[in-house]
Number of protein chains: 2
Amino acid sequence: MASMDTRKKLIAAAERLFDRHGFTATGMDRLTQAAGMSSRTLYKHAGSKTALMATVLAEREKRFMRRLDVSSVDALFAELEEWVRVEGARGCLFLRAHGETGGETPEVEAVVVAHKEAFRERIAEIVAADIGEDAPALAEQILVLYEGATAAAIYRGQEAVSAARAAAAVLVGRARP
Amino acid sequence: MASMDTRKKLIAAAERLFDRHGFTATGMDRLTQAAGMSSRTLYKHAGSKTALMATVLAEREKRFMRRLDVSSVDALFAELEEWVRVEGARGCLFLRAHGETGGETPEVEAVVVAHKEAFRERIAEIVAADIGEDAPALAEQILVLYEGATAAAIYRGQEAVSAARAAAAVLVGRARP
DNA sequence: GCCATTGTAAAACGATCGTTTTACACTTCA
DNA sequence: TGAAGTGTAAAACGATCGTTTTACAATGGC
């Protein structure tokens, strides 16, 4: 089925442009060109620009969450190092979408909120698996370190991730019975 | 001089709209209305939208840096708590500007880079003042915690700042001779 | 062999973008 | 008194926005 290739090409091109140049700054003509398809085909698959944004974020959520299938905090940050190495560091695309839309676009906002909630729960699970018990306060600290590494890596690169990883090791070590 | 009031009103209105709705999504007509002036006056003072963005960021940098006039890491996060309480949490406006423009607008990029470098140096000074010696690795961790608190507060609120503050206390305590 | 389906190329839609212009009113100080 | 400066209101600029339409070609399953 060629429509699956078309859809994949479209989402990949859209994610790349949204991530590298911003959502609002990326025009649909630029998108059709990058995706190698006519605007008619693009709109048949995407529906609208807003829907495309939501779809891109939903697909990214899957790809991101797949990376979070770990059972220790150190492995969590090792995965983030890998992510930054492979994809570069341009900040959390979900928070960027939230910021660009002012949180006023329901289709986008729903995906962002769902992602952040799933992300938070996954962090709590990883922390619990690592130290052998629930530790909500520690989980919140690890979440902050993760967000901080993601944001700071924009201008500090891998050094930010390494620092977060080292700090997390100290905090987890202290909490382990 | 009335032009100073006009300028202040313009920058205040622009900062508010850019922060709440995003830079690109904020149109100039919306700005003229919010600032209570004609587009002719606005352009006489601002020059262009890009220049206005750079000016807004430069003014925010001053206001932000004034808040960082502290000599302990705990006071640093206490100030951030106050900032979030007063101004709310919509993420770092500098990183958001960088993201929306893809880092491709030199006027904006210059202010962002200058701010982040000044911010990093100030953190290093505060950490050094706190523990009595230079500690670049610890400073990087505190910077990551600060960025993380700023980002996570968007969806976690003050809890993110409290967590960052607690984590920072542990890391600084460990480093203190 | 035919008719959905799925695609392309390109013009055109009205709306809105950032910006400039036109025309006019109010100060303020020489 | 009058010129310079600073402001407003509103129309208009060309460009670009997201989206739809028109006209037509290639494909593949019944």
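Below, chain A is the first sequence line, B the second, and so on; all start at residue 1.
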Answer whether the closest heavy-atom distance between the side chains of B:His45 and B:Leu52 falls below 4.5 Å. no

Look for any protein N or O under 3.5 Å of an N or O in nucleotides 20-25 of chain D and output each such pair with its distance, or none.
from   : atom 1 : to      : atom 2 : distance (Å)
D:dT20 : O4     : A:Ser39 : OG     : 3.0
D:dT22 : O4     : A:Arg40 : NE     : 3.0

State which of D:dT19, D:dA9, C:dT8 makes the closest approach to the side chain of A:Ser48. D:dT19

Are B:Tyr155 and A:His98 an aromatic pair by the rule of ring centers under 6.0 Å? no

How far apart are the closest heavy atoms of A:Ser162 and A:Glu81, and which atoms are they? OG-OE2, 4.1 Å

OP1 or OP2 of D:dA10 less than 4.0 angstrom from a side-chain nitrogen or oxygen of B:Ser38, does that happen here? no

Residues in side-chain hydrogen bond (donor to acceptor under 3.5 Å, both in side chains) with A:Ser72, at least two apart? none

With sequence neighbours excluded, what pairs up with A:Glu117 under the side-chain hydrogen bond (donor to acceptor under 3.5 Å, both in side chains) test? A:Arg120

For atom NZ of B:Lys9 and atom P of D:dG7, their distance in whole Å: 10 Å

Roughly, in whole Å, what's the span from NE2 in A:His45 to C1' in C:dG7? 9 Å

Would you jot down, in residue-number order, the residues of residues 25-35 of chain B having a non-hydrogen atom under 4.0 Å from DNA chain D? none

So, with a heavy-atom separation below 4.0 Å from DNA chain D, the residues of residues 96-109 of chain A are none

Which pair of heavy atoms, one from A:Thr41 and one from A:Thr6, lies closest together, and at what distance? CG2-CG2, 3.9 Å

N/O (side chain, B:Thr41) to phosphate O (OP1/OP2, D:dT8) under 4.0 Å: yes

Among D:dG18, C:dG18, C:dG7, the one nearest B:Lys49 by side-chain distance: C:dG18

Side chains of A:Glu147 and A:Lys116, heavy atoms from C-beta outward: is any pair under 4.5 Å? yes

What does the inter-axis angle of the helix from C:dT5-D:dA26 to C:dA30-D:dT1 come out as, five pairs per end, nearest 10 degrees? 0°

Syn-anti status, with the boundary at 90° from 0, for the nucleotide D:dA25: anti

